[in-house]
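A short write-up of the structure that comes next.
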Amino acid sequence: MDDYEPGPVPSPRPLDRFGFVKPELNISPDGLIKGRSACEYEREERRVRKWRKMIGAGGSDWKHYVRRKPHVVRRRIRKGIPDCLRGLVWQLISGSRDLLLMNPGVYEQLVIYETSASELDIIRDISRTFPSHVFFQQRHGPGQRSLYNVLKAYSVFDRDVGYVQGMGFLAGLLLLYMSEEDAFWLLVALLKGAVHAPMEGLYLAFSFVPLPIFVTEVGDGYFRWRWQKWGVKIVFKVGLALLKYCADDLVKLPFEKLIHALRNFPKDAMDPDTLLPMAYSIKVSKRLEEMKQEYENKNGKTAESAECNEKQKQA
């Protein structure tokens, strides 16, 4: 993307507190939409103070606190990480900070000196990623450039996976809270594993839930799940929770309108404070785990067979 000149800056429009363009409803003089009460701000401030005390300066106390009071950490993560601390806490939970420290200069090498077979695909999808967010709206602007760099670097770092379209929304979310390099290593930690097991198949699991809505509305909840090591299972649970929440309306729809409804869940259904507790409460049967194991075993045998055949051909 270095050969392009930055496009025009989008005209100012009212934004929500996360930077997304919103309809012009109940707008304050500074252009931000009102909607949070004084009580909510006070509660958020108390939560921030508790979290700062828990993690220490720059995360220096995090590991000690986790070992000492894991139940407290778990409970607070479930309640939600304060917005101003999410970038740091996500890195601490995932172990991506350790990856960054163990691999100095690797990200720069991947961005500047390596080439990817997915570069054209990434460029094509950039403008489709969070088009209503102020950071990504400017064509070839800093947001789109950063997103391109992270996605290109990952497609080179993990050539087996390369690039898939859903990655843009996940990488874009990370870039709203941290630098390019931090976002890259957090993406690596999530998809390949660092402290926890990797979220294998994450980019496929979002096919049921509309990914742009899911990441923007339930993004923090996604990293709450990270702590519990539930992997992709929680995405399945959220899908079931959405169906359960909207069941009364969905069962009344004719088939031709059902697909549209499943791709456009109402705003209240995407509220993480409502949706996530419902998802946590859903019990997944052991049979589902058995089916998952059967699938993985079958997949592994198929891959081994294909590799064996390829070696025989080469011989």
Side-chain angles (χ1 to χ4, degrees), residues 1 90-91 93-126 128-129 146-175 178 180-209 211 214-215 222-223 225-226 229-236 291-315:
M1 294 182 71
W90 291 348
Q91 292 175 68
I93 292 173
S94 67
S96 67
R97 295 192 100 196
D98 295 330
L99 288 178
L100 187 153
L101 294 173
M102 291 187 294
N103 296 276
V106 170
Y107 176 72
E108 182 181 7
Q109 171 77 26
L110 294 171
V111 171
I112 298 176
Y113 300 107
E114 300 287 346
T115 58
S116 168
S118 304
E119 290 182 20
L120 292 179
D121 292 331
I122 294 170
I123 291 172
R124 180 196 63 206
D125 292 336
I126 288 291
R128 305 174 188 173
T129 306
S146 293
L147 183 57
Y148 169 82
N149 288 342
V150 171
L151 294 174
K152 180 217 169 180
Y154 189 85
S155 70
V156 175
F157 182 83
D158 185 359
R159 292 189 184 273
D160 290 337
V161 171
Y163 164 75
V164 293
Q165 193 173 21
M167 282 182 184
F169 291 100
L170 182 53
L173 173 68
L174 304 183
L175 285 168
M178 61 195 73
E180 275 185 34
E181 188 171 13
D182 288 337
F184 167 75
W185 286 113
L186 181 46
L187 189 63
V188 171
L190 292 172
L191 297 181
K192 292 186 71 66
V195 171
H196 306 299
M199 299 281 279
E200 294 173 349
L202 177 66
Y203 38 87
L204 299 176
F206 285 111
S207 59
F208 174 76
V209 184
L211 185 56
F214 185 92
V215 174
Y222 167 76
F223 286 92
W225 310 333
R226 200 51 254 181
K229 307 179 189 178
W230 280 354
V232 178
K233 184 196 297 185
I234 189 62
V235 182
F236 180 71
M291 291 170 66
K292 175 188 173 186
Q293 192 61 49
E294 289 172 8
Y295 173 80
E296 289 178 348
N297 291 341
K298 182 180 177 182
N299 243 26
K301 289 177 181 177
T302 303
E304 288 174 10
S305 177
E307 186 178 345
C308 182
N309 289 338
E310 185 64 27
K311 287 180 179 179
Q312 287 177 353
K313 288 179 182 177
Q314 291 176 357

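Side chains included, hydrogens not; waters and symmetry mates left out as well; all remaining heavy atoms used.
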Practice prompt. List the atom of M167, the atom of Y154, and the distance in Å for their closest heavy-atom pair.
Written response: CE-CE2, 3.7 Å
Item to complete: Enter the distance from L173:CG to L147:CG here, rounded to the nearest 0.5 Å.
Response: 11.5 Å
Discussion item. Distance check, rounded to the nearest 0.5 Å: D121 atom CG versus D125 atom CG?
Written reply: 6.5 Å
Practice prompt. Find the distance between CH2 (W90) and CG (D182) and round it off to the nearest 0.5 Å.
Written response: 12.5 Å
Worksheet item: Heavy-atom count around L101 CG within 6.0 Å, excluding the residue itself: above 12?
Response: yes
Discussion item. Can you confirm whether Y148 sits close enough to E119 that some side-chain heavy atom of one is under 4.5 Å from a side-chain heavy atom of the other?
Written reply: yes
Discussion item. Run V150 and L187 through side chain to side chain contact (heavy atoms under 4.5 Å, CB included) and show every step you take.
Written reply: CA-CA 9 Å; V150 171; L187 189 63; 4.2 Å; yes
Worksheet item: Can you name the nearest heavy-atom pair linking F157 to K192, along with the distance?
Response: CE2-CD, 3.7 Å
Worksheet item: Rounded to the nearest 0.5 Å, how far does CD of E181 lie from CG of L100?
Response: 4.5 Å
Fill in: Side chains of W185 and M178 in contact at under 4.5 Å (non-hydrogen atoms)
no
Worksheet item: Roughly how far apart are F184 CZ and L151 CG, rounded to 0.5 Å?
Response: 10.5 Å
Output a table of donor-acceptor pairs, distance under 3.5 Å, between side-chain atoms of residues 105-118 and any protein atom two or more places apart or on a different chain; print 'none' if there are none.
residue	atom	partner	partner atom	Å
Y107	OH	E180	OE1	2.7
S116	OG	S118	N	3.0
S116	OG	S155	OG	2.6

Fill in: Gap separating the CD atom of Q91 from the CG atom of L174, nearest 0.5 angstrom
9.0 Å
